[in-house]
Every structure is written in structure tokens, then in C-alpha cells.
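Below: one structure, written as C-alpha cells.
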Amino acid sequence: MFIEVVKSKIHRVTVTETNLNYIGNITIDEDLLDAANLIPNEKVSVVNNNNGERFETYIIKGERGSGVVCLNGAAARRVQPGDILIIISYAIMDFEEAKSFTPSIIFPDTATNKLIPDR
């Protein structure tokens, strides 16, 4: 049996900008992608803590060290700069493998979207 489990999670980042007139996706600082074991074009679920919106999109790589978290295209209508998001990706794996799998979960500083050392 295969099940879907959390693979990666960026817990509480701040939206830095939106761009309605860009092809839809979420742009995320490359430092955050590396730390959370995420890659460009990976499908993610986005949860907006400010208004309860939940939606899916895909990742594009943002400038390393910039702290950028930008919602593009139609998703830009579901957030505002300053909103706090949780970004989650999932993986499908064997049930037994899932029992011992450890997801990559990071907790950036919401003021800067930078990684917090030793967390």
C-alpha cells in the first residue's frame, strides 16, 4: 500500500510581494528551498494563516538570500504582502517506509524569511 505523507514544510513565512500579471506559481528564496528540501517546479500546497485560503501551485526559484516569497498569477488574489503562509509538499511512499520517514520542516524568521540558526 502507498500513502501520501508530508515531505517538506516551510512553517510561517511572510509574503513579500504579489504579481498578478505573471505566470502562476510561488517564487521562494533559494536558501529556503534548499533548507526545506524543495525544488523548482515541485507542486506545493499553500495555506494562508491570515485568511484561511488553501491552494496548490508550483515553485520557482527566487534569488538566494533575498527572503522573497512572491505569489504570482491567480494565486496573487489569495494573499496580501505581509500575510503569513505555510508551504507544504507531499510524497507518495510505501506504508512501511512512511513509518520511519522524517520530513524536512523549517521555521524561518517571519520578519525576514531568513533561516534561524540552530532550529
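If you're wondering where the values come from, they're calculated on a predicted model, not measured in any experiment.
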Which heavy atom in A36 sits nearest to a heavy atom in S104, and how many Å separate them? O-CB, 3.5 Å
Same hydrophobic cluster for F55 and I28, using side-chain heavy-atom links shorter than 4.5 Å among ILVMFWY? yes
Taking all atoms of both residues into account, what is the closest heavy-atom pair of V6 and F101, and its distance? O-CE2, 3.4 Å
In a table with atom names and distances, give each donor-acceptor pair under 3.5 Å that connects a side chain of residues 75-85 to protein atoms at least two apart or in another chain.
residue	atom	partner	partner atom	Å
R78	NH1	R54	O	3.4
D83	OD2	N48	ND2	2.9
D83	OD2	Q80	N	2.9

Going by the salt bridge (charged side-chain N to carboxylate O under 4.0 Å, His left out) test, which pairs reach into residues 3-16, not counting sequence neighbours? K7-E42
Report yes or no: do M1 and M93 belong to one cluster of Ile/Leu/Val/Met/Phe/Trp/Tyr joined by side chain heavy-atom distances under 4.5 Å? yes
Does the side chain of L33 reach to within under 4.5 Å of the side chain of I39, using non-hydrogen atoms? no
Are I88 and L32 joined in one hydrophobic group, where the rule is that I, L, V, M, F, W and Y side chains link up if heavy atoms are under 4.5 Å apart? no
Any side-chain heavy-atom pair from Y90 and S45 closer than 4.5 angstrom? yes
For residues 108-115, tabulate all N or O donor-acceptor pairs below 3.5 Å that involve a side-chain atom, not counting sequence neighbours.
residue	atom	partner	partner atom	Å
D109	OD1	A111	N	2.9
T112	OG1	K114	N	3.1
N113	OD1	T14	N	2.8
N113	ND2	T14	O	2.7
N113	ND2	G67	O	2.9
K114	NZ	G65	O	2.1

Is the shortest side-chain heavy-atom distance between T27 and V69 below 4.5 Å? no
Are any non-hydrogen side-chain atoms of I60 and Y22 less than 4.5 angstrom apart? yes
How would you list, by chain and number, every residue that makes a side-chain hydrogen bond (donor to acceptor under 3.5 Å, both in side chains) with E63, sequence neighbours excluded? none
Can you list the residues that meet the side-chain hydrogen bond (donor to acceptor under 3.5 Å, both in side chains) rule with T16, with sequence neighbours excluded? none
Verify, without hydrogens or angle tests, whether N37 (side chain) and A35 (backbone) share a donor-acceptor contact under 3.5 angstrom. no
Look up atom OG in S8 and atom CD1 in I106, then write down how far apart they are to the nearest 0.5 Å. 9.0 Å
How many angstroms lie between SG in C70 and CG in N19, if you round to the nearest 0.5 Å? 5.5 Å
Using side-chain hydrogen bond (donor to acceptor under 3.5 Å, both in side chains), reason through N72 and T18 one step at a time and then give a plain yes or no. CA-CA 6 Å; N72 302 296; T18 60; over 6 Å; no
Taking every heavy atom of I3 against every heavy atom of F95, the minimum-distance pair comes out as CD1-CD1, 3.9 Å
Passes salt bridge (Lys or Arg N to Asp or Glu O under 4.0 Å), D29 versus K61? Steps please. CA-CA 6 Å; D29 179 325; K61 178 174 51 175; over 6 Å; no
Just jot down the salt bridge (charged side-chain N to carboxylate O under 4.0 Å, His left out) partners of D94, sequence neighbours excluded, or say none. none
I'd like to check I59 versus N41 (side-chain heavy atoms, cut-off strictly below 4.5 Å). Are they in contact? no
Are side-chain heavy atoms of E17 and V68 found at a separation under 4.5 Å? yes
With rounding to the nearest 0.5 Å, note down the distance linking OH in Y58 to CG in N25. 4.5 Å
